[in-house]
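Every value quoted in this text rests on a predicted model; they were computed, and no experiment measured them. We use all heavy atoms of the structure for the numbers below, so side chains are in, but hydrogens, waters and symmetry mates are not.
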Amino acid sequence: MKKGQVLTGIVEKVDFPNKGVVNTEEGRCIVKNVLPGQKVTFVVQKKRNGAAVGRLLKVEQNASVEGKSPCPHFGECGGCTYLSLPYEEQLKIKEMQVKKLLEGALSGQTEMWEFESIKGSPARLGYRNKMEFSFGDECKDGPLSLGMHKRGSFYDIVTVRDCQIVDEDYRRILSFTRDYFDGCSFYHRLKHTGYLRHLLVRKAYRTGEILVALVTTSQLDNEQSDAEAQNKEKDNLDQWKNKILNLDLNGKITGVLHIINDSVADVVQSDHTDILYGQDFFYEELLGLKFKISAFSFFQTNSLGAEVLYETAREYIGDLAAPGGEKAPDKIVFDLYSGTGTIAQLMAPVAKKVIGVEIVEEAVEAAKKNAELNGLHNCEFIAGDVLKVLDEIEEKPDMIILDPPRDGIHPKALKKIIGYGIDKLVYISCKPTSLARDLVTFLESGYVVEKAVAVDQFPWTANIETVCLLSRKFITC
């Protein structure tokens, strides 16, 4: 197998997150964006230390379990991976991927542990409550596009008018906005010039409230005076806002925003935000609690799936409550990497105190307001890096819940967490490879895994959540 060689083979399996193992007469090669059982043609991009990596050229033959995708953009748009598979087949792949990673990490654990059957998402299509659509073009110097990045491309954008992981309201808002701004310049990621950047849409699954934000640069038409250009932009945004409000939607728009972002990075952030209509937040409900969510608040993107995830975490914590289910008066819970405090608020009714730590200050402020909104007065939220904040907290935890970002827990912070020596920990992970790495450290420090389960928050994509219950091993002499 040599670099540049074009080969054909059968996909044996797909490892997390999207690594297809293709068998050929020349050997094995890792190829992304393939499915088990497919016959594919690929070009070898590199070979190092006996391992080869290739780029998919063509699917010669579909897998026997594949069917017709419900989305016309599948294969062109880079958002989804498994849309041509029945949902049950997709769950099998994800379950296998997580189990393989955990079995590798726990190979040195002599105690028995349980890997529960994967939990699927209650909503399979139209489940997302947040989408960040990008402006661009589908080919160089082509017409304006608004949607998702083309598969394998950093620059090309596919207008996803029929995207199936969002509901009809998203599609109507996207289609109207793309057509309204047709002819306007978009931000070029190489030249750093242009006006339109992103369209952010968030919609609460339970309440149906919608927040719409247009993200642009501050670059206006230089052929006009500053005052003329600003007045023209204001009129243009007012017309767009008014027509957005008149769209026939199932949900209710609570706010329309204009966000200015002059950052070079291709991220949705705000240098300045104007409220064109209503307010800059909306409300969502989760497991009987109410949450106030802004444009940039962290919140699980699948509301119904989040309920499954958090109910599973609460079930794993289980024995925190005193016998009979009453509140345990002396229990202190740490919710590390707490985001907007969802888990902390779910634990508050059965604990003396819950302390949440989160590095994003806006998320901490949102957590405080949400706890107040839900009448929970035993929650404390601290803004800062877990690594540093743990040195400042005087209380000692009886239970720790971990929900770190994709990269997992910083090794030094992990040592401090283990140093508390508590009996039980619950680790919620959105990237099982990071979880597997951290579990090795837990095992080396005297912890064992009791049980784990994969929870599908992201149907049709390669992403998966995992919940893991760890306990401290007591060694008797």
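A side-chain N or O of His258 and one of Thr216 form a donor-acceptor pair less than 3.5 Å apart. Defined by atom type and a distance below 3.5 Å, a donor-acceptor pair is present between the side-chain atoms of Glu284 and Ser303. With no hydrogens or angles considered, a side-chain donor-acceptor pair links Thr8 and Thr41 at under 3.5 Å. Side-chain polar atoms of Ser294 and Glu362 form a donor-acceptor pair below 3.5 angstrom. Inspection of the Thr81 and Asn33 side chains reveals no N or O donor paired with an N or O acceptor under 3.5 Å. Of the N and O atoms on the side chains of Glu209 and Thr254, not one donor lies less than 3.5 Å from an acceptor on the other residue. No side-chain donor-acceptor contact under 3.5 Å links Gln38 and Gln61.
Side-chain contact between His198 and Leu200: absent, with no pair of heavy atoms (C-beta onward) separated by less than 4.5 Å. Inter-residue side-chain proximity for Asn129 and Ile293 is flagged as unmet; no heavy-atom pair is nearer than 4.5 Å. Counting only heavy atoms from C-beta outward, the side chains of Ser145 and Val158 never approach each other to under 4.5 Å.
Put simply, CG on Leu199 and OG1 on Thr177 are 5.0 Å apart, with the number rounded to the nearest 0.5 Å.
Within a 6.0 Å radius of CD in Glu88, other residues, nucleotides and ligands contribute more than 12 heavy atoms. Within a 6.0 Å radius of CZ in Arg48, other residues, nucleotides and ligands contribute 12 heavy atoms or fewer.
Note that Arg151 lies in the cation-pi zone of Phe74, set by a 6.0 Å cut-off to the ring centre and a 45° limit from the axis. Relative to the six-membered ring of Phe281, Lys292 meets both conditions, a distance below 6.0 Å and an angle of at most 45° to the axis. Cation-pi geometry between Arg197 and Tyr187 is satisfied (NZ or CZ under 6.0 Å from the ring centre, within 45° of the ring normal).
Residue pairs satisfying the salt bridge (Lys or Arg N to Asp or Glu O under 4.0 Å) criterion with at least one member in residues 449-467, sequence neighbours excluded, are listed as follows: Lys94-Asp456, Lys424-Glu450.
Ionic pairing of Arg28 and Glu12 is present here: one or more N-O contacts between side-chain nitrogen and carboxylate oxygen are shorter than 4.0 angstrom.
With sequence neighbours excluded, no residue forms a ring-ring contact (aromatic ring centres under 6.0 Å, His included) with Tyr82. Shown here are the ring-ring contact (aromatic ring centres under 6.0 Å, His included) partners of Tyr127, two or more places apart in sequence or in another chain: there are none.
Taking the six-membered ring for Trp and thresholds of 30 and 60 degrees, Tyr180 and Phe176 have ring planes inclined between 30 and 60 degrees apart.
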